[in-house]
Amino acid sequence: MISAQAWVDAQQLWDFQQMGHEVRPCSVAIGLGSHDLGVADTTAELYHRGMAPLIVFTGATSPTTRDRMPRGEAEHYRERAVELGVPAEAILVEPHARNTGENIRFSRALLEEQRVPVSSVLLVSKPYEERRAYATACKLWPKVEWVSASARMSLTEYVDSIQDAHLVIDMLVGAQQRLMIYPRQGFMVEQHVPDDVAAAYQRLRNAGFTSRIVPDTVSQG
């Protein structure tokens, strides 16, 4: 059972992760690979709305996606977007990245290799990782403007879509931890964390939502 306090705290972290950016047309959209095909759905929707003329899907596999996405997260995202009507020629696939930093670095290298001029990027992630992805991107590619986007849904709706509440809260806690420790390790720009958000994070961690926690000195993941 997940306590009422844990749900309140999870909502606190969920709300903090939302950057609140107004989506606007950008040079390219980058869809960050993960276990959640909803990222591909959102990226395809934004393409159809004219928010980007080109998509990069980035991601290899991880322990959580190896069975579900054996051809790699980016390739499964590409297939999903094509099913949703995105032309194959409007999609580039970056199949090697295994963490958020590599998502950004490898996508940038691919776009430069393809001689795609980039002044702004629509960064599409899972809803609970908007801020983490944004802070990483700003650190690694500071000369472009980043616009964060994700599926517009509530925490309850997202949990219903994943069908694993404990996993979602674990992921929220893991994303929050990285926001707090990665800036001093040079992996992302600093984000001010309000006291109530930090307290909610600590309560969830103390309650055992720790499967996505990393050691304070670990390399980026």
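Residue numbers count from 1 along this sequence. Hydrogens, waters and symmetry mates play no part in the numbers below; they use all other heavy atoms, side chains included. This is a predicted model, so every value here is computed, not measured.
The backbone N or O of Pro127 lies less than 3.5 Å from a partner atom in the side chain of Gln18, making a donor-acceptor pair. Looking at Thr42, its side chain does come within 3.5 Å of a backbone N or O of Gly38 through a donor-acceptor pair. No side-chain donor-acceptor contact under 3.5 Å links Trp141 to the backbone of Trp146. In this structure a side-chain-to-backbone donor-acceptor pair under 3.5 Å is present from Ser27 to Ser119. At least one donor-acceptor pair under 3.5 Å links the side chain of Glu102 to the backbone N or O of Arg98. In this structure a side-chain-to-backbone donor-acceptor pair under 3.5 Å is present from His21 to Ser148.
For the residue pair Ser154 and Arg152, no side-chain donor N or O sits within less than 3.5 Å of a side-chain acceptor on the partner. With hydrogens and angles left out, the side-chain atoms of Ser120 and Glu145 include no donor and acceptor closer than 3.5 Å.
There is a path of hydrophobic side-chain contacts, each under 4.5 Å, that joins Met153 to Leu155. In terms of hydrophobic clustering, with Ile, Leu, Val, Met, Phe, Trp and Tyr side chains grouped at heavy-atom distances under 4.5 Å, Tyr201 and Leu179 are assigned to a common cluster. Grouping the Ile, Leu, Val, Met, Phe, Trp and Tyr side chains by contacts below 4.5 angstrom, directly or via other members, places Val56 apart from Val23. In the hydrophobic clustering of ILVMFWY residues, with side-chain heavy atoms under 4.5 Å counting as a link, Ile162 and Leu13 come out together. Grouping the Ile, Leu, Val, Met, Phe, Trp and Tyr side chains by contacts below 4.5 angstrom, directly or via other members, places Tyr158 with Phe209.
Listed here is the closest heavy atom pair of Gly208 and Asp170: O-OD1, 4.4 Å. Contact between Val214 and Arg178 at its shortest, heavy atoms only, is CG1-NH2, 3.0 Å. Counting all heavy atoms, side chain and backbone alike, Gly31 lies closest to Thr43 at CA-OG1, 4.1 Å. The nearest pair of heavy atoms linking Ala29 to Ala52 is N-CB, 3.6 Å.
The distance from atom OG of Ser3 to atom CZ of Arg203, rounded to the nearest 0.5 Å, is 10.0 Å. For the atom pair CG (Leu122) and CE (Met51), the distance works out to 8.5 Å, reported to the nearest 0.5 Å. For the atom pair CG of Leu111 and CZ of Phe106, the computed distance is 14.0 Å after rounding to the nearest 0.5 Å. Atom-to-atom distance recorded for Phe57:CZ and Asn103:CG is 12.5 Å, nearest 0.5 angstrom. With rounding to the nearest 0.5 angstrom, the CD atom of Gln177 is 13.0 Å from the CG atom of Leu204. Distance check, rounded to the nearest 0.5 Å: OG of Ser211 to CG of Leu167 gives 6.5 Å.
Aromatic ring pairs are classed by plane angle as parallel below 30°, tilted from 30° to 60° and perpendicular above 60°; the pair Tyr128 and Trp14 is tilted.
With sequence neighbours excluded, the residues satisfying side chain to side chain donor-acceptor pair (under 3.5 Å) with Glu79 are Arg71. Residues meeting the side chain to side chain donor-acceptor pair (under 3.5 Å) test with His76, sequence neighbours left out: none.
By the 4.5 Å heavy-atom criterion applied to side chains, Phe187 and Thr136 are not counted as neighbours. Put simply, the side chain of Leu123 reaches to within 4.5 Å of the side chain of Ile104, judged on heavy atoms. Residues Asp41 and Glu45 form no side-chain contact, since every pair of their non-hydrogen atoms from C-beta on lies 4.5 Å or further apart. Residues Arg108 and Leu140 fail the side-chain proximity criterion, which asks for heavy atoms closer than 4.5 Å.
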Between side-chain atoms of residues 188-199 and protein atoms elsewhere (two or more places apart, or another chain), which donor-acceptor pairs fall under 3.5 Å?
| from | atom 1 | to | atom 2 | distance (Å) |
| --- | --- | --- | --- | --- |
| Gln191 | OE1 | Arg131 | NH1 | 2.8 |
| Asp196 | OD2 | Gln12 | NE2 | 2.9 |

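In the displayed structure, His35 atom NE2 is contacted under 6.0 Å by more than 12 heavy atoms of other residues, nucleotides or ligands.
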